[in-house]
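Count residues from 1 along the sequence. Since the structure is predicted, the reported quantities are computational estimates derived from the model, not experimental observations. Heavy atoms only: backbone and side chains are in, while hydrogens, waters and symmetry mates are out.
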Amino acid sequence: MKAATAGYLLAVAVAVLLRGAAAAPPRKPVDVPFEKNYVPTWAEDHIQYLNGGREVQLSLDKSTGTGFQTRGSYLFGHFSMHIKLVGGDSAGTVTAFYLSSQNSEHDEIDFEFLGNRTGQPYILQTNVFSGGKGDREQRIYLWFDPTKEYHSYSVLWNLYMIAFFVDDTPIRVFKNSKDLGVRYPFDQPMKLYSSLWNADDWATRGGREKTDWSKAPFVASYRGFHVDGCEASAEAKFCATQGARWWDQAEFRDLDAQQYRRLAWVRKEHTIYNYCTDRDRYAAMSPECKRDRDV
């Protein structure tokens with residue numbers, strides 16, 4: 001009886017330990033006004049503030065687009081934005097939400113929303129630059145109309161992985177694969193940026209579809225403005241609290257089983273381009289692709 005009880009307690013202890021080490025979704029974003037974390041970058045007259053700064057609209061016309069950026073720079077964290085994209089005929093326009101460092105061998109983590117003709121779906125393109133190397137584009141069709149309602153687009157970035165989320169669904173993971181010879185963003189602080197601009201030389205069907213300026217102004221709307229990161233100066237090479245923040249903990253170092261099932265669904269049902277499978281462009285598959293479950 002004692003042996004059975006001891007065995008049961010051991011099994012419970014192991015289960016608790018395993019459950020404690022299991023993966024978990026990122027913490028819920030906290031909505032704040034624009035001015036808490038962000039400032040205009042350019043063409044401030046094309047930015048409109050609503051509801052006491054809790055909602056912002058960017059406007060693009062033939063004269064200029066516009067954009068904004070965070071006040072600080074960050075090494076790791078969780079960053080989220082609620083965005084309602086340009087409605088109607090948005091061909092030629094790009095709405096971007098991304099992190100970027102300022103160095104020549106820069107790091108960058110991109111969401112880019114590529115506009116399209118009325119009735120045709122938006123394309124969401126993601127990319128990761130590390131040490132100045134990008135060319136890791138993936139493109140998906142979203143499973144909803146992103147112009148009708150606000151949806152959340154977020155990045156979880158720690159020393160172990162970069163995870164892209166649309167609402168609560170992971171659409172991409174880029175893991176730290178330095179052991180495979182792949183550079184990983186870990187020592188260059190990045191600011192967050194968002195912009196609305198004209199890119200009709202490439203954005204829609206490779207530049208064959210041009211921006212219809214008779215439909216201007218084009219408007220993208222934002223709210224949320226969530227930033228939960230380790231703030232650092234532009235010269236800092238480390239986060240002073242590395243290892244102590246919630247995103248450093250074991251449960252946030254990978255996706256859980258349910259999240260991987262959702263990621264597999266995105267890969268199967270919604271992915272229209274993946275650099276990992278592009279043999280015309282790359283003779284050999286990049287070493288991180290299998291680890292990131294891109295194939």
Side-chain angles (χ1 to χ4, degrees), residues 24-42 53-54 56 58 67-83 95-112 126-134 136 152-166 170-178 182-195 222-255:
R27 292 184 178 177
K28 293 295 183 183
V30 177
D31 293 349
V32 297
F34 172 88
E35 65 180 9
K36 177 176 176 61
N37 293 318
Y38 286 93
V39 294
T41 307
W42 50 292
R54 290 192 170 273
V56 165
L58 302 190
F68 56 85
Q69 68 181 52
T70 48
R71 298 175 181 274
S73 299
Y74 303 90
L75 268 170
F76 309 125
H78 183 228
F79 313 98
S80 179
M81 188 73 71
H82 302 298
I83 306 174
T95 305
F97 175 53
Y98 62 102
L99 294 99
S100 181
S101 68
Q102 304 303 304
N103 301 354
S104 57
E105 293 191 355
H106 81 292
D107 298 332
E108 190 169 308
I109 303 168
D110 293 339
F111 281 103
E112 291 182 308
T126 59
N127 203 353
V128 176
F129 287 74
S130 53
K133 182 189 183 306
R136 300 186 178 101
S152 174
Y153 305 93
S154 59
V155 170
L156 175 64
W157 170 36
N158 56 35
L159 193 58
Y160 307 93
M161 71 170 182
I162 297 165
F164 296 75
F165 293 86
V166 173
I171 63 164
R172 182 174 187 173
V173 174
F174 184 80
K175 293 187 177 180
N176 188 337
S177 296
K178 290 185 68 177
V182 179
R183 295 183 69 170
Y184 183 82
F186 77 99
D187 64 349
Q188 297 191 84
M190 292 195 268
K191 288 181 179 288
L192 285 98
Y193 300 86
S194 193
S195 57
Y222 296 76
R223 64 189 186 196
F225 310 109
H226 170 80
V227 172
D228 187 5
C230 181
E231 193 164 354
S233 71
E235 293 76 31
K237 297 296 182 184
F238 65 94
C239 171
T241 58
Q242 180 61 40
R245 307 294 286 268
W246 67 264
W247 57 79
D248 298 316
Q249 307 314 306
E251 61 265 38
F252 303 105
R253 297 176 185 179
D254 201 354
L255 303 183

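Heavy atoms of other residues, nucleotides or ligands lying less than 6.0 angstrom from NZ of K133 number more than 12. More than 12 heavy atoms of other residues, nucleotides or ligands shown are found within 6.0 angstrom of CD on Q242.
A ring pair (Phe, Tyr, Trp, His ring centres under 6.0 Å) with F111 holds for exactly one of F165, Y193, F164; it is F164.
In this structure, the ring of W247 has its center no less than 6.0 angstrom from the ring center of F76. Two rings, from F97 and Y222, have their centers 6.0 Å or more apart.
Here the side chain of K191 pairs a donor or acceptor atom with the backbone of R71 at under 3.5 angstrom. A donor-acceptor distance shorter than 3.5 angstrom exists from the side chain of N176 to the backbone of K178, with no hydrogens or angles considered. Counting only distance, with no hydrogens or angles, the side chain of Q249 and the backbone of G243 share a donor-acceptor pair below 3.5 Å. Formation of a donor-acceptor pair under 3.5 Å by the N158 side chain with backbone atoms of F252 is found in this model. The main-chain N or O of P185 is found under 3.5 Å from a side-chain atom of W157 such that the two form a donor-acceptor pair.
Closest of all the heavy-atom pairs between H82 and D31 is NE2-OD1, 3.4 Å. Closest heavy-atom contact between G132 and F129: O-CD2, 4.1 Å. For the residue pair S194 and A96, the shortest heavy atom distance occurs at OG-O, 2.6 Å.
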Stepwise side chain to side chain contact (heavy atoms under 4.5 Å, CB included) test for M81 and L192: CA-CA 10 Å; M81 188 73 71; L192 285 98; over 6 Å; no

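Looking at R183 and D107, no side-chain N of the basic residue comes within less than 4.0 Å of a carboxylate O on the acidic one, giving no salt bridge.
In this structure, N37 has no side chain to side chain donor-acceptor pair (under 3.5 Å) partners at least two apart in sequence or on a different chain.
Expressed to the nearest 0.5 Å, how far CZ of F79 lies from NE2 of H226 amounts to 8.0 Å.
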